[in-house]
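Notes follow the structure.
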Amino acid sequence: MSDRYAVVGNPIAHSLSPHIHCAFAEQTGEDLLYSKLLAPLDAFAECARTFFTEGGCGLNITLPFKLEALDLADQLTDRAAAAGAVNTLLCQEDGRLLGDNTDGAGLVADLCRNLGWGIRDKRVLLIGAGGAARGALLPLLAEQPAHLHLANRTAIKAEQLADDFSRYGDLSGGGLQGLRSRFDLVINATAASLDNTLPTLPEQLFTAGGKAYDMVYAAGPTPFVHWARTQGVPASDGLGMLVGQAAESFYLWRGVYPQVAPVLTQLRRELGKKKN
């Protein structure tokens, strides 16, 4: 019998995770089934426990359940504990659930492997101070940027988050207004692009050779990607991050790291068809 995995969220119909993981399984020869689970907003834990009780091996967790998954896990990886959220659950041999957060690792993999944008010794701006930013911080700081600055509409949230992670690297926090420095890499960790909006940002934000990255993805350029490109700055959306975090989950579950590039290329092609 094939091992069972799933992605759970609400809503969930839009999820590309089954497509990604089935492609990984075919590529690596792993025998598994991967499906979507729509959990009631007030019954995530019950839905997840039922899945594992019935023999499920692992879950991906998407919005809005990443905090509830943190509480459900019996053990946490270091990156999940630092992120304060769980997007991957593994049922271990003793039945205990291991919670991980692969989002930040997926981001770094896309930036460094797929795009070839180095982080080491770069000045990095991370926009936002919510769960997406928190999940990205530890993997980003592990790449040893020269400095990482957190900017958020509410300055105190960015300042507090920077203080929480101060032992991991050179970073600071503040408001979006009054940004005067220039950065080699600007990452949008807000959900603004989901609403087709753009954070209020100064135009003189990039160093010569600077680059921009939006953690949100879409069939066409997101507002943040479009804004950066109008300034002549190379920019990418977060589709590679989505595939990268899935690869990290797959590795946790199966002990095999799949090839990301062919799956990412296929998804780009399919999203392009939807756009047209």
Side-chain angles (χ1 to χ4, degrees), residues 14 62-64 66-67 83-85 87 101 103-104 106-108 110-111 115 117 119 122-141 143 145-165 169-242 244-245 271:
H14 67 286
T62 188
L63 296 175
K66 292 184 181 182
L67 293 180
N87 79 332
N101 190 305
D103 287 331
L107 167 65
V108 167
D110 194 32
L111 289 169
L115 296 170
W117 298 354
I119 298 172
K122 303 295 185 183
R123 289 182 51 80
V124 178
L125 173 64
L126 187 61
I127 305 167
R134 177 175 284 273
L137 273 174
L138 195 60
L140 283 172
L141 290 171
E143 294 297 311
H147 182 76
L148 191 152
H149 182 71
L150 284 160
N152 190 58
R153 184 173 55 183
T154 306
I156 193 170
K157 291 184 178 180
E159 293 165 0
Q160 181 60 60
L161 189 54
D163 185 63
D164 290 345
F165 281 79
D170 184 8
L171 75 164
S172 56
L176 282 173
Q177 293 185 345
L179 276 173
R180 296 291 182 266
S181 298
R182 297 196 181 203
F183 299 89
D184 302 304
L185 175 62
V186 178
I187 302 171
N188 180 25
T190 75
S193 291
L194 293 175
D195 299 320
N196 204 35
T197 59
L198 181 72
T200 303
L201 299 168
E203 290 192 1
Q204 304 300 321
L205 199 56
F206 299 94
T207 60
K211 298 174 177 62
Y213 190 94
D214 196 344
M215 290 171 66
V216 170
Y217 70 91
T222 67
F224 180 79
V225 167
H226 176 74
W227 170 80
R229 289 176 178 171
T230 60
Q231 299 181 63
V233 174
S236 176
D237 70 10
L239 185 63
M241 174 182 171
L242 175 72
Q245 65 80 25
L271 285 175

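- Interatomic distance, D214 CG to M241 CE, rounded to the nearest 0.5 Å: 10.5 Å.
- Listed here is the closest heavy atom pair of P223 and N196: CG-OD1, 3.4 Å.
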From CA spacing to verdict: side chain to side chain contact (heavy atoms under 4.5 Å, CB included), L185, L111: CA-CA 10 Å; L185 175 62; L111 289 169; 4.1 Å; yes
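- No side-chain heavy atom of T207 sits less than 4.5 Å from a side-chain heavy atom of R123.
- At most 12 non-hydrogen atoms from other residues, nucleotides or ligands lie less than 6.0 angstrom from CZ of R153.
- With values rounded to the nearest 0.5 angstrom, D103 atom CG is found 6.5 Å from M215 atom CE.
- Taking both residues in full, the closest heavy atoms of N152 and A129 are given as OD1-N, 3.3 Å, listed atom of the first, atom of the second, then distance.
- Taken from CZ in F224 to OG1 in T197, the straight-line distance is 12.5 Å, to the nearest 0.5 Å.
- Panel note: side chain D170, backbone H147; no donor-acceptor pair is recorded below 3.5 Å.
- Side-chain atoms of P139 and L107, non-hydrogen and from C-beta on, never get closer than 4.5 Å to each other.
- Among all heavy-atom pairs drawn from A228 and A235, the shortest one is CB-CB, 3.9 Å.
- Side-chain atoms of L150 and F165, non-hydrogen and from C-beta on, never get closer than 4.5 Å to each other.
- At a threshold of 4.5 Å between non-hydrogen side-chain atoms, the residues L125 and L179 count as touching.
- Once rounded to the nearest 0.5 Å, the distance linking CD of Q231 with CD of Q204 reads 7.0 Å.
- In L115, the CG atom is crowded: over 12 heavy atoms of neighbouring residues, nucleotides or ligands sit closer than 6.0 Å.
- Distance check: S181 OG to L205 CG gives 9.0 Å after rounding to the nearest 0.5 Å.
- In this structure, K122 and W117 have side chains that are not in contact, with every pair of non-hydrogen atoms separated by 4.5 Å or more.
- Interatomic distance, OG1 of T222 versus CG of N188, reported as 7.0 Å (0.5 Å rounding).
- Nearest heavy atom pair, residue A151 against residue G175, reads CB-O, 4.1 Å.
- Scanning both residues, A218 and L271, for their nearest heavy atoms gives O-CD1, 4.3 Å.
- At least one side-chain heavy atom of I187 sits under 4.5 Å from a side-chain heavy atom of L140.
- Nearest heavy atoms, G210 versus P234: O-CD, 3.5 Å.
- Judged purely by atom type and a 3.5 angstrom limit, K66 has no side-chain atom pairing as donor or acceptor with the backbone of P64.
- Although no hydrogens or angles enter the test, the distance criterion places no donor-acceptor pair under 3.5 Å between the side chain of R134 and the main chain of L161.
- Residues L201 and L176 have side chains in contact (heavy-atom distance under 4.5 Å, counting atoms from C-beta outward).
- L148 places a side-chain heavy atom less than 4.5 Å from the side chain of L137.
- Ring orientation note: the planes of H149 and F183 are close to parallel, at an angle under 30° on the 30°/60° scale.
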